[in-house]
Amino acid sequence: MAEYHVDWPWLLAGPDPHGDEALRGMEEAKSAADRERWLGVLSDATSSADPAAVERYAIGLAQAGRYAESLRFWRLLAEHAPDTARVLLNMASCLMSAGRLDECAHVMEECARRCRDDDPAYPVVCRRQAELDELRGRLNREQRLLEARADAYRELDSQGRASLSDLKELCRILAGLAQRPGSGVARSEVAEVAERIHAQAPDDVGGLELLGMARVLEHDQEGLAEVLRRLERVAPDSPVLAAARAQVTDPGFGERSDELKRRWDDICRRASHGEPGAEDELRRELRSHPHVEQLKVGLLFAVYGRAADGRGDYEEARRLALELAADPRAGHHTHFHVAQFLWNLGEHDQARRQFGLALATSETEEDEESVRLAARTVGAEFADPAGGTGG
């Protein structure tokens, strides 16, 4: 397997003993608590609005694995210092560490375009572009090999000659490809093959483990829980179960999960603001993670905002809202926002039902009050599951 990233050192504007000590503390931290303490030091230093302090804080966020937050600061810094190659190089480093190579390449191209031959950073730009090109070339070659193997197993399958073992290998290869940006393999295809394997051999432990992997890829928590319950019965020593148990106590897993949610928040925010390319990025993420409510609602915000700005019509927004309203797996977050969108789109009966569901799925009193306030704001009365009417 090719390495998925290159370690690029951060570039600092100049020495800052206090800030540099905090960055060293981040690198040497033995625990999450230590990292947060040093990150707090870097955050406090930004109160001076010194760009160098903001840069160090952005580096600290990246060192903590909080790449989406770090990128927000690099984007702001790039807006205020568009001719500084160092800022773009650091932004590219952040994207490289996050494994977002296509975006990294775009930033590096922009950096090379802006950087003059006599700029001290020019040799670094050239060297890193060459390293990125080499890495992407290796990954592309590896990906083509995996795609060729997948096609061979697909062909066997289409001819009706694929054994259970062949389908398992196809599922593993597709799972690897589905996690590679731009592979074109949807995570739903992984799930489809895993479900066929399970249908052929319901008690096969390997098949159940592949089905669990597919549920993880799709972020289908309900489906994953069912698979884990089956594994508990037929294979209590399964490494998949051991991994699931370890995730409960592994702080790294929680941090990675939080970072993914922050990344999705960032994509949704940029798409809703109409940032070029952000809606396409959001749609790609949604194809890979079709069960994630956050992305579904984010796309609805983006499409509705585009229509409100005159860059589209409301028909797609209406269709997306009605699809979300009909999703039996939708939770409070979806019901709450869809209710307001449907009301604004004139679908008042559907909106009232969604307000009722939003109230029924509220987990806190604050959630309940937010639903009632939103309904009063738009003038909607709806059936309150607790009795009476809401709004």
Going only through I, L, V, M, F, W and Y residues with side-chain contacts under 4.5 Å, is there a path from [X] to [Y]?
| X | Y | value |
| --- | --- | --- |
| Leu39 | Val41 | yes |
| Leu211 | Val234 | yes |
| Leu95 | Leu76 | no |
| Leu170 | Leu164 | yes |
| Leu132 | Leu11 | yes |

For this session: Determine, step by step, whether Arg72 and Glu69 satisfy the salt bridge (Lys or Arg N to Asp or Glu O under 4.0 Å) criterion, reporting the C-alpha distance in whole Å, the side-chain angles of both residues, the deciding distance to 0.1 Å, and the verdict.
Result: CA-CA 5 Å; Arg72 284 194 187 187; Glu69 289 179 74; over 6 Å; no
pair [X]-[Y]: side-chain heavy atoms closer than 4.5 Å:
| X | Y | result |
| --- | --- | --- |
| Leu12 | Ile59 | yes |
| Leu299 | Leu295 | no |
| His106 | Glu103 | no |
| Glu369 | Glu366 | no |
| Arg284 | Glu281 | yes |
| Arg128 | Val125 | no |
| Arg263 | Tyr67 | no |
| Leu286 | Arg283 | no |

For this session: Could you tell me whether Phe301 and Phe341 have their ring centroids closer than 6.0 angstrom?
Result: yes
Check whether the side chains of [X] and [Y] place a donor and an acceptor atom closer than 3.5 Å, and report yes or no.
| X | Y | answer |
| --- | --- | --- |
| Gln354 | Gln350 | no |
| Glu293 | His333 | no |
| Asp367 | Ser370 | no |
| Arg287 | Ser188 | no |

For this session: Quick one: list whatever passes ring-ring contact (aromatic ring centres under 6.0 Å, His included) with Tyr153, sequence neighbours left out.
Result: none
Please check if atom [atom1] in [X] has more than 12 non-hydrogen atoms from other residues, nucleotides or ligands closer than 6.0 Å.
| X | atom1 | value |
| --- | --- | --- |
| His348 | NE2 | yes |
| Glu363 | CD | no |
| Arg311 | CZ | yes |
| Gln159 | CD | yes |
| Tyr314 | OH | yes |

Work out which heavy atom in [X] is nearest to a heavy atom in [Y]; give both atom names and the distance.
| X | Y | result |
| --- | --- | --- |
| Arg35 | Ala29 | CG-CB, 3.4 Å |
| Ala321 | Val338 | O-CG1, 3.5 Å |
| Thr377 | Leu373 | OG1-O, 2.7 Å |
| Leu89 | Cys111 | CG-SG, 4.0 Å |
| Leu42 | Gly19 | CD2-O, 3.8 Å |
| Ala380 | Phe355 | CB-CE1, 3.8 Å |

Problem set entry | Plane angle bin for Tyr57 and Phe73 - parallel if under 30°, tilted between 30 and 60°, otherwise perpendicular | perpendicular
For this session: Verify salt bridge (Lys or Arg N to Asp or Glu O under 4.0 Å) between Arg161 and Glu155, making sure each step is shown before the conclusion.
Result: CA-CA 9 Å; Arg161 298 192 296 121; Glu155 181 66 19; over 6 Å; no
Check whether any side-chain N or O of [X] sits under 3.5 Å from a backbone N or O of [Y] as a donor-acceptor pair, and report yes or no.
| X | Y | value |
| --- | --- | --- |
| Gln340 | Phe336 | yes |
| Ser362 | Leu359 | yes |
| Glu226 | Glu222 | no |
| Arg318 | Leu345 | yes |
| Asp133 | Ala130 | no |
| Asp20 | Asp16 | yes |

Is a salt bridge present between [X] and [Y], judged by a nitrogen-to-oxygen distance below 4.0 Å?
| X | Y | result |
| --- | --- | --- |
| Glu55 | Arg86 | yes |
| Arg114 | Asp119 | no |
| Asp151 | Arg154 | yes |
| Arg319 | Glu323 | yes |
| Glu232 | Arg229 | no |

Side chains of residues 191-201: which donor-acceptor pairs under 3.5 Å do they make with residues two or more places apart or in other chains?
from: Glu195; atom 1: OE2; to: Arg215; atom 2: NH1; distance (Å): 3.1
from: Glu195; atom 1: OE2; to: Arg215; atom 2: NH2; distance (Å): 3.2
from: Arg196; atom 1: NH1; to: Asp157; atom 2: OD2; distance (Å): 2.8
from: Arg196; atom 1: NH2; to: Asp157; atom 2: OD1; distance (Å): 2.8
from: Arg196; atom 1: NH2; to: Asp157; atom 2: OD2; distance (Å): 3.3
from: His198; atom 1: ND1; to: Pro202; atom 2: O; distance (Å): 3.4
from: His198; atom 1: NE2; to: Arg230; atom 2: NH1; distance (Å): 2.4

Exercise. Taking it one step at a time, do Trp38 and Gln63 satisfy side chain to side chain donor-acceptor pair (under 3.5 Å)?
Worked result: CA-CA 11 Å; Trp38 286 114; Gln63 288 177 325; over 6 Å; no
For this session: Find the distance between CD (Glu209) and NZ (Lys168) and round it off to the nearest 0.5 Å.
Result: 8.5 Å
Exercise. Roughly how far, to the nearest 0.5 Å, is the CD1 atom of Ile267 from the CD atom of Glu275?
Worked result: 10.5 Å
For this session: Assess whether salt bridge (Lys or Arg N to Asp or Glu O under 4.0 Å) is satisfied between Arg113 and Glu110, documenting all intermediate values.
Result: CA-CA 5 Å; Arg113 186 182 67 80; Glu110 181 66 14; 2.6 Å; yes
For this session: Among Glu347, Arg352, Arg353, find the one that has a side-chain contact (heavy atoms from CB on, under 4.5 Å) with Leu342.
Result: Glu347
Problem set entry | Test salt bridge (Lys or Arg N to Asp or Glu O under 4.0 Å) applied to Arg187 and Glu218, step by step | CA-CA 6 Å; Arg187 297 176 187 222; Glu218 289 194 305; over 6 Å; no
